[in-house]
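Every chain is numbered from 1 and lettered A, B, ... according to where its sequence line falls, protein lines coming before strand lines.
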2 protein chains.
Amino acid sequence: MLMEIIRRNTDYGVRALVYIAANSGNIVSAKDISDQMEIPIEFLQKILQKFVRIGLVNSYRGAHGGFSLAKDPSEVSVLEIVEALQGKLSMNKCLLGKDGCPRAPQCPLKNNWINMEQKLIDFMNGITLQDLVDQYKANA
Amino acid sequence: MLMEIIRRNTDYGVRALVYIAANSGNIVSAKDISDQMEIPIEFLQKILQKFVRIGLVNSYRGAHGGFSLAKDPSEVSVLEIVEALQGKLSMNKCLLGKDGCPRAPQCPLKNNWINMEQKLIDFMNGITLQDLVDQYKANA
DNA sequence: TCTATTGTGGACTAAAATAATCTTAAATCA
DNA sequence: TGATTTAAGATTATTTTAGTCCACAATAGA
């Protein structure tokens, strides 16, 4: 049994973004990304569509269409990517106002969950897509 | 959409342990815990059984049976509890040897995932059941 | 010893989340 | 026009998580 934080979804998504960023200047198609990064194409398309909707990537339809980054990679945090695909990071639903736990005021765990949440957020905020691209190129 | 780290399972489990620890000296039944902490009893029993198997709680069968802590609460980390119920914490399955990603050596993400994983582990290791009990009593 | 009570273990079912696929349409280029 | 490529919605499949059920074993107390 394994407690995974990052899902396959996100793994695909990050790799796709690294590929797009590493080829900046060109428009790359979903097919390219799929072939190069070994990601099932239909699933990849869904992931890319999400990135387009939040304004992280530009898309171009038609022949020779594809995708390019809409932001500078150094302005894109890992947190932004992860939350785009896995939802807002929250240690525990019970902390939220809506659907929140009625027991929250006396909750012995609340503050600890909040602290943990913040650590993760800070850390993921501190890593940018540019950092990942640099590592990718260094290993190529 | 929400990316939760702590599952309901674990929320129940931690609350059960806090209750058991707060009543140390007494044996408390699953029924007691269920009533006081508002946890579905059958599910709670499954959770408690896991704690028993890993030697975290003692169980006593028969009339007036129930559960007690097997360790000093200051020796029980939150990580230990979370991993007992959600499995070993791993940022991403692709890091593991078995089922590991063949692309791992060039992976631009690997080191970042490892660092993040370690931060979470350190943090959860630093909080003990005793800390939670103290907060619980302070709020009671 | 008998009976209530309480935990154990395994099988089972239900619900939700995640992953993946399919289909039709719309845009664009040559 | 025809090939290519993204968009969007519906649908299905798979996996994980949550929850339930039941027969059994142990124990306390009458």
Side-chain angles (χ1 to χ4, degrees), chain A residues 1-13 15-16 20 26-35 38-68 70 82-88 90 92-94 99, chain B residues 1-13 15-16 20 26-35 38-68 70 82-88 90 92-94 99:
Chain A
M1 191 180 43
L2 206 62
M3 172 192 175
E4 273 190 291
I5 309 289
I6 300 299
R7 297 197 299 256
R8 193 179 310 182
N9 205 12
T10 303
D11 191 55
Y12 288 164
R15 278 160 48 204
I20 294 171
N26 301 315
I27 289 174
V28 295
S29 70
K31 179 82 169 50
D32 283 346
I33 303 171
S34 166
D35 288 346
E38 301 175 69
I39 303 172
I41 188 159
E42 290 101 337
F43 197 20
L44 174 63
Q45 282 170 331
K46 288 302 174 195
I47 293 170
L48 291 170
Q49 283 174 25
K50 285 190 182 175
F51 289 150
V52 171
R53 276 192 224 108
I54 64 171
L56 186 51
V57 280
N58 297 126
S59 67
Y60 309 90
R61 291 185 177 196
H64 310 117
F67 303 87
S68 69
V82 171
E83 289 197 334
L85 298 175
Q86 300 193 182
K88 184 162 169 43
S90 163
N92 191 311
K93 187 158 17 195
C94 68
D99 292 333
Chain B
M1 191 181 41
L2 206 62
M3 172 192 176
E4 273 190 291
I5 309 288
I6 299 299
R7 296 199 298 256
R8 194 179 308 186
N9 204 13
T10 304
D11 191 55
Y12 288 165
R15 278 160 49 202
I20 295 172
N26 301 315
I27 289 174
V28 295
S29 69
K31 180 82 171 48
D32 282 347
I33 303 172
S34 166
D35 287 346
E38 302 174 71
I39 303 171
I41 188 160
E42 291 102 336
F43 197 21
L44 174 63
Q45 282 170 330
K46 289 303 175 196
I47 294 169
L48 291 169
Q49 283 173 26
K50 286 191 181 174
F51 289 150
V52 171
R53 277 191 222 108
I54 64 171
L56 186 52
V57 289
N58 297 127
S59 68
Y60 308 90
R61 292 187 177 194
H64 309 119
F67 302 88
S68 69
V82 170
E83 289 197 335
L85 298 176
Q86 300 193 183
K88 183 160 169 43
S90 164
N92 190 312
K93 186 156 21 195
C94 67
D99 292 332

The side chain of [X] is closest to which nucleotide in this list: [options]?
X     : options                : value
A:R7  : C:dA19, D:dA28, C:dC29 : C:dA19
A:R61 : C:dG9, D:dT5, C:dG7    : D:dT5
B:A63 : C:dG7, D:dA8, D:dA28   : D:dA28
A:S59 : D:dA8, D:dT6, C:dT8    : D:dT6

* **Partner nucleotide, any strand, of C:dA4 [Watson-Crick/G-U, under 3.5 Å]** =>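 Paired with C:dA4, as far as the under-3.5 Å criterion goes, is no nucleotide at all.
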
* **Any-strand Watson-Crick or G-U partner of D:dT27, both distances under 3.5 Å** =>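 When the pairing criteria are applied, nothing turns out to pair with D:dT27, so the answer is none.
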
Interatomic distance, [X] [atom1] vs [N] [atom2] [rounded to whole Å]:
X     : N      : atom1 : atom2 : answer
A:H64 : D:dT5  : NE2   : C1'   : 10 Å
B:I41 : D:dA18 : CD1   : P     : 19 Å
B:R8  : C:dA17 : CZ    : C1'   : 13 Å
A:N9  : C:dT21 : CG    : P     : 14 Å
B:Q49 : C:dA11 : CD    : C1'   : 13 Å
B:Y12 : D:dT17 : OH    : P     : 15 Å
A:F43 : C:dT18 : CZ    : P     : 10 Å
A:E42 : D:dA13 : CD    : C1'   : 14 Å

* Asked: Across the strands shown, which category fits A:G65 at heavy-atom distances under 4.0 angstrom: base, sugar-phosphate, nothing?
  ->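 Sugar-phosphate, backbone atoms only, no base.
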
* To do: Could you check whether B:K31 gets within reach of a base, just the sugar-phosphate, or nothing at all, counting any heavy atom under 4.0 Å?
  =>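 No contact at all - B:K31 keeps every heavy atom at 4.0 Å or more from the nucleic acid.
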
* Should D:dA18 be called syn or anti, with syn set as within 90° of 0? ->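 Anti conformation for D:dA18.
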
* Asked: If we only count heavy atoms from C-beta on, is the B:R7 to B:L85 side-chain gap below 4.5 Å?
  ->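 The answer is no; the side chains never approach within 4.5 Å.
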
* For the pair A:Q86 (side chain) and A:N9 (backbone), establish whether a donor and an acceptor sit closer than 3.5 Å, ignoring hydrogens and angles. =>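 Not confirmed, A:Q86 side chain does not pair with A:N9 backbone.
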
* Asked: When you match A:M1 and A:V52 each to their closest nucleotide on DNA chain D, which lands nearer the 5' end?
  ->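 That would be A:V52.
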
* Asked: On DNA chain D, nearest-nucleotide positions of B:Q86 versus B:P40: which is more 5'?
  ->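 With B:Q86 and B:P40 compared, the 5'-side residue is B:Q86.
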
[X] [atom1] to [Y] [atom2] distance, which is reported to the nearest 0.5 Å:
X     : Y     : atom1 : atom2 : value
B:N26 : B:H64 : CG    : NE2   : 12.5 Å
A:D35 : A:K31 : CG    : NZ    : 3.5 Å
B:I39 : B:I33 : CD1   : CD1   : 7.5 Å

* Asked: Counting only distance, no hydrogens or angles, is the base of D:dG9 paired donor-acceptor with the side chain of A:K46 under 3.5 Å?
  ->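 By the distance-only test, yes, there is a pair.
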
